[in-house]
Amino acid sequence: MIVRQLSDIRRTDRLVKSKGWDSARLLLKGDGMGFSFHITTMYAGEELRMHYQNHLEAVFVLDGIGTIEDLGTGEVHELSPGVMYALNNNDRHIVRPESDILTACVFNPPVTGREVHDENGAYPAAVDAPALKVAVNS
């Protein structure tokens, strides 16, 4: 059994920060679950252009408001607490947070924890890096 506290994770190298967002990675590839699980905050006023070419992602909005634009169709969807979106076709998209948006995210295949978006807004297919440490109930 794996038990972790979000506040503890935020004090480790499992908290990854980049331009416009931060992500507390509670479960990673090294945990052996077959997916990774993150609590991610996207910052108000940013325009986050992403295209996960190597991963599928499901996102559940816990707090905050904004929009997500599907760049393949041009459709724009409102984001607010209780909304889930799934990037089931490696969809190119832009998230525009009007306020900070707090989300719970699942990635398949799981990320290792070292990834940040590349110039295309994607995570690499695989990163061979040492496992990130967590000292609390892991």
Only distances under 3.5 Å count here; give the side-chain donor-acceptor pairs of residues 71-89 to other protein atoms, sequence neighbours excluded, each with its distance to 0.1 Å.
unit_1, atom_1, unit_2, atom_2, d
Thr73, OG1, Glu75, N, 3.1
Thr73, OG1, Glu75, OE1, 3.3

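Qualifying side chain to side chain contact (heavy atoms under 4.5 Å, CB included) partners for Ala104, counting only residues two or more places apart in sequence or in other chains: Phe37, Ile39, Leu62.
Rounding to the nearest 0.5 Å gives a distance of 8.0 Å between CG of Asn90 and CD of Gln53. Expressed to the nearest 0.5 Å, how far CG of Leu102 lies from CZ of Phe60 amounts to 10.5 Å. Here NZ of Lys29 is found 10.5 Å from OG of Ser36. Values are rounded to the nearest 0.5 Å. With values rounded to the nearest 0.5 angstrom, Thr12 atom OG1 is found 9.0 Å from Arg4 atom CZ. Taking CG of Leu15 as the reference point, atom CG of Asp8 lies at 12.5 Å (rounded to 0.5 Å). Distance check, rounded to the nearest 0.5 Å: CG of Leu48 to OH of Tyr43 gives 10.0 Å.
Heavy-atom minimum distance, Pro110 versus Gly34: CD-O, 3.5 Å. The nearest pair of heavy atoms linking Gly64 to Val61 is O-CG1, 3.9 Å.
For the pairing with His38, the side chain to side chain contact (heavy atoms under 4.5 Å, CB included) check across Ile9, Val16, Leu26, Val111 returns one residue only, Val111.
Pairs engaging residues 95-104 under the side chain to side chain donor-acceptor pair (under 3.5 Å) rule: Glu47-Arg96, Glu69-Arg96 [sequence neighbours left out].
Looking only at atom types and distance, the side chain of Glu57 has no donor-acceptor partner in the side chain of His55 under 3.5 Å away.
Although no hydrogens or angles enter the test, the distance criterion places no donor-acceptor pair under 3.5 Å between the side chain of Arg14 and the main chain of Arg10. Remark: the backbone N or O of His93 is not paired with any side-chain donor or acceptor of His51 at under 3.5 angstrom.
At a threshold of 4.5 Å between non-hydrogen side-chain atoms, the residues Asp22 and Thr40 do not count as touching. Inter-residue side-chain proximity for Leu27 and Phe35 is flagged as met; some heavy-atom pair is nearer than 4.5 Å.
In this pair, Tyr52 and Phe107 present their aromatic rings perpendicular. The plane angle is above 60°, beyond the 30 to 60° band.
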